[in-house]
Amino acid sequence: MPADPVTSLASAVAASAGAELELERPGEAEHGDYATNVALRLAGARRKPPREIAAEIAESATALDAVERTEVAGPGFVNLFLRDEWFVAALAEMLADGEAFGGGVPGKPERVQVEMVSANPTGPLHVAHGRNGAHGDAVARLFELAGHEVEREYYYNDSGGQMDRFRASVEAVRRGEEPPEDGYRGAYINDLAALKGDPVPLMLTEIEASLDRFRIRFDSFRRQSELELRLPELLPRLDTFEQDGALWARSSAHGDDEDRVLLRSGDRTPTYRAADVAYLVDKLDRGFDRAIYVLGADHHGTRNWYAAVARMLGYDPERVEVLLYQMVNLTKGGEQTRLSRRRGDIVLLDEFMDEIGVDAARWFLVNRGPDQTIELDVELAAERTQKNPVYYVQYAHARIAGILRNAGAAAVSSEPNAPLVAEERELVKRLAELPEVVRDALEKRGPQGIPTYAIRVADDFHRFYHEHRVLESEQEAFRLGLCRATRSVIARCLDLVGVEAPERM
RNA sequence: GCGCCUGUAGCUCAGGGGAUAGAGCGCGCGCCUCCGGAGCGCGAGGUCGCAGGUUCGAUUCCUGCCAGGCGCACCA
C-alpha cells in the first residue's frame, strides 16, 4: 500500500474512538495539527452533548503514539497535537515511496479510455480545443497515477458535408480559384493547397504537431468513415422508428433528453449520431471498462445520449462517462468584445502557446474548475506571464534542485537531530496531503485542485527555506530528506497538469 | 418556454454543513553580509446574487426569484 500518513492517522483515531471519522487541518495553529468534528456529527445519533462525546474521543486518542495531547474545543471539535515522531515517520514513508507517493493501487484496476480533443481536421486547433485536451489529459494522468490503465484516443470525421467543403476549398485554391461560398478560407488553406494529396491527413498531421507541443500524445485515432461501415449490422439492434422519412433512435425512452435521427430522410445517409453508435460499440467491444468522452459544454444537450445508446445495445451504461467543460472566453485589453481572427487576435492554440508558453498555457486551462467559464484576457495573460503562479511553483522546484545539487553526496535521512521547527512540521503536513488531493481530483474529475495544492506546497517550502538553512545546519540530513520529498511532490503536481519541473530557471 | 452551467475581495478565481471565508494579480508598508529576492513578512479590501426552507449550525444542501453564459438541427 502506498503511503498515506493522514489516512493512517485518521484510521487510528477512528479505531480508538469507535467511529468513522475524517481529519482536517484547522485554520488556526492553536487548534492543533489535525482536528475532527465527529463528535458534532455523532451527537444526534448518540443523544449526548457533542462536547461530552468529544471528551471521550479526545481521551482515547491521547493513548496513540503519534498524539502528544488533545483538546476539546468550540462546540465539540477534537483537536490533535502530534509528536515529532509522527512527522518523522510520515516523511520516512514518503521518501520510501519516492516517485510513487500519491499514487494508488486500485481495488479494481480499470482499462480506461479518454477520448478528447477530437476536432475535425478542417482547420488548426483553437484555445477551446486546448482546454479540452488540457482537461482530458489531466484526468487521464490522474487515472494513471491511481493505477489504472489509460489510453488516449482522438476521433474525427473524415467524411460528410463538412469535410467535402473543406476538401473542395483546398482543391479550388489549387486550381487558382476562390474557395466556395460556404467553404473554408485562410492562410492555412493556402498552405495546404501548396502541398500534394488529400488535405485531411495533412491537416491532421499539423493538429498532431500542435498537440505534441501541448504535451498530449494519443495512443490511437479513429475515423468516422471506417466506423460507419458497421452501421448496417448495428442499427437494427437499436430501438428505432421511422418518421418523416428518416430513421430515429427512440433514445428518449432510454434516458436521453430526446430522440435522435440516425438516417436522414431522402438519401438515408447516416448522421453523426449514427456514427456515435458505431463508435461506442467499437470502444466498449475493445474492452474498456470506462469510456470517457470529453466534451465542451455546448454539447451538453447530448450528455445523456451516449449512455442511452449503451442501454439500447445492452451494455452497462456505467461504463460510459461524459465530462463537460465550459467555454473559454477570450477577451483583449479588458474589453468584453469577442476576439476575431480577422483582427489577428489570438484564438489558435499554437498562437496561445507562442504568446504565453506551453507551461502557462496548460496551467491556465486546468487552473479553473471545468464548470467554470474561463475568462481570459489575452493581453494580461501575455503581460503577466511571469507573474503566473506556475512560475512560482516551478521556482520552488528549481530552488530545491539547486540545494540538492549543492548537497552533493551529503547524507539524507528522515531522522532529525533536534526537535522539529514549526515550518518543518507544516511542510510535512502539507506534503502528506498529496494522496487525498489526488484522490479528490480524480473523484470529481476536476484537476483544478492540483495547481491550487501545488501553490500551497511551494508556499510552505519557500517559508521554510526563508526561515531555516538546509545545508550545514545541524538538521542537514533531515532537511535534505524534506527537500527531496518536497521536490518529488511538486514534480508530481506539475506532471499531473502537464507542466515541466525545471532543474534550473 | 425547457434544459445544463455560473453568480465568493477592485480583477481573475479556489473552497465548501461547522471554530476569525482563502489564493494570485492590483494597492500600501517593510526585509538581500545568508543554500537561487522568479523569494519572505505585515496591511487595506467581503451582507459568499436575493428571499425562504432543512439543521444544534448554511457561504456550502433544498426551493423560488434575479442576473449572465451555453444548448434545445435530418451541423459536427
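Source: prediction; values computed, not measured. All chains are named by letter (A, B, ...) in the order of the sequence lines, taking the proteins before the strands, and each is independently numbered beginning at 1.
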In terms of side-chain heavy atoms of [X], which of [options] is nearest?
| X | options | value |
| --- | --- | --- |
| A:Arg273 | B:A76, B:G37, B:A38 | B:A76 |
| A:Asn37 | B:G36, B:A76, B:G18 | B:G18 |
| A:Asp244 | B:G36, B:C74, B:G15 | B:C74 |
| A:Val470 | B:A76, B:G37, B:C35 | B:C35 |

Using the [atom1] atoms only, state how far [M] lies from [N], rounded to an integer number of Å.
| N | M | atom1 | result |
| --- | --- | --- | --- |
| B:A58 | B:C50 | P | 15 Å |
| B:G15 | B:A23 | P | 15 Å |
| B:G53 | B:C70 | P | 35 Å |

Candidates A:Asp259, A:Asp239, A:Asp256 - the one meeting salt bridge (charged side-chain N to carboxylate O under 4.0 Å, His left out) with A:Arg250: A:Asp239

Summary of ring-ring contact (aromatic ring centres under 6.0 Å, His included) pairs that have at least one residue in residues 357-392 of chain A, sequence neighbours excluded: A:Tyr392-A:His462

Qualifying ring-ring contact (aromatic ring centres under 6.0 Å, His included) pairs, either residue in residues 26-46 of chain A, two or more places apart: A:Tyr34-A:Trp86

Are the side chain of [X] and the backbone N or O of [Y] linked by a donor-acceptor pair below 3.5 Å?
| X | Y | answer |
| --- | --- | --- |
| A:Arg185 | A:Pro180 | yes |
| A:His135 | A:Arg445 | yes |
| A:Arg260 | A:Ser252 | no |
| A:His254 | A:Met312 | no |
| A:Tyr293 | A:Val320 | no |

Residue-phosphate contact under 4.0 Å: A:Arg463 side-chain N/O, B:G41 OP1/OP2: yes

Any A:Asn406 side-chain N or O less than 4.0 Å from OP1/OP2 of B:G36: yes

With A:Ser118 via side-chain contact (heavy atoms from CB on, under 4.5 Å) - residues at least two apart: A:Glu115, A:Tyr155

Pairs flagged by salt bridge (Lys or Arg N to Asp or Glu O under 4.0 Å) wherever residues 119-128 of chain A is involved - sequence neighbours left out: none

Starting from [atom2] on [N], measure out to [atom1] on [X] and report it in whole angstrom.
| X | N | atom1 | atom2 | value |
| --- | --- | --- | --- | --- |
| A:Tyr465 | B:C34 | OH | P | 11 Å |
| A:Ile450 | B:G15 | CD1 | C1' | 15 Å |
| A:Met116 | B:A76 | CE | P | 24 Å |
| A:Glu476 | B:C35 | CD | C1' | 10 Å |
| A:Glu115 | B:A76 | CD | P | 15 Å |

Those residues that, when tested against A:Asp371, pass side chain to side chain donor-acceptor pair (under 3.5 Å) (two or more places apart): none

Partners meeting side chain to side chain donor-acceptor pair (under 3.5 Å) with A:Arg152 (sequence neighbours left out): A:Asp137, A:Glu144

Per-nucleotide protein contact string for nucleotides 19-28 of chain B (B base, S sugar-phosphate only, - none; heavy atom under 4.0 Å): BB---SSS--

Nucleotide-resolved protein contact map, nucleotides 3-8 of chain B, B/S/- at heavy-atom distance under 4.0 Å: BBSS--

Neighbours of RNA chain B within residues 425-437 of chain A, by heavy-atom distance under 4.0 Å: none

Residues in contact with RNA chain B, drawn from residues 497-505 of chain A - heavy-atom cutoff 4.0 Å: A:Glu503, A:Arg504, A:Met505

Side chains of A:Glu153 and A:Ser220, donor plus acceptor under 3.5 Å: yes

Closest heavy-atom pair and its distance - A:Leu202, A:Asp198: CG-O, 3.5 Å

Least distance between heavy atoms, A:Ala61 atom then A:Val13 atom: CB-CG1, 4.4 Å

Syn or anti for B:C66 (syn when the glycosidic angle lies within 90° of 0): anti

Contact list for residues 476-490 of chain A, test side chain to side chain donor-acceptor pair (under 3.5 Å), sequence neighbours left out: A:Glu424-A:Arg479

Which nucleotides of RNA chain B pair, in dot-bracket form (Watson-Crick or G-U under 3.5 Å, | meaning another strand): (((((((..((((....[...)))).(((((.......))))).....(((((..]....))))))))))))....

RNA chain B: 5'-proximal contact among A:Arg41 and A:His462 (nearest heavy atom): A:Arg41

Along RNA chain B (nearest heavy atom to each residue), the more 5'-positioned of A:Gly160 and A:Asn367: A:Asn367

B:C74 base / A:Thr271 side chain donor-acceptor hit below 3.5 Å: no

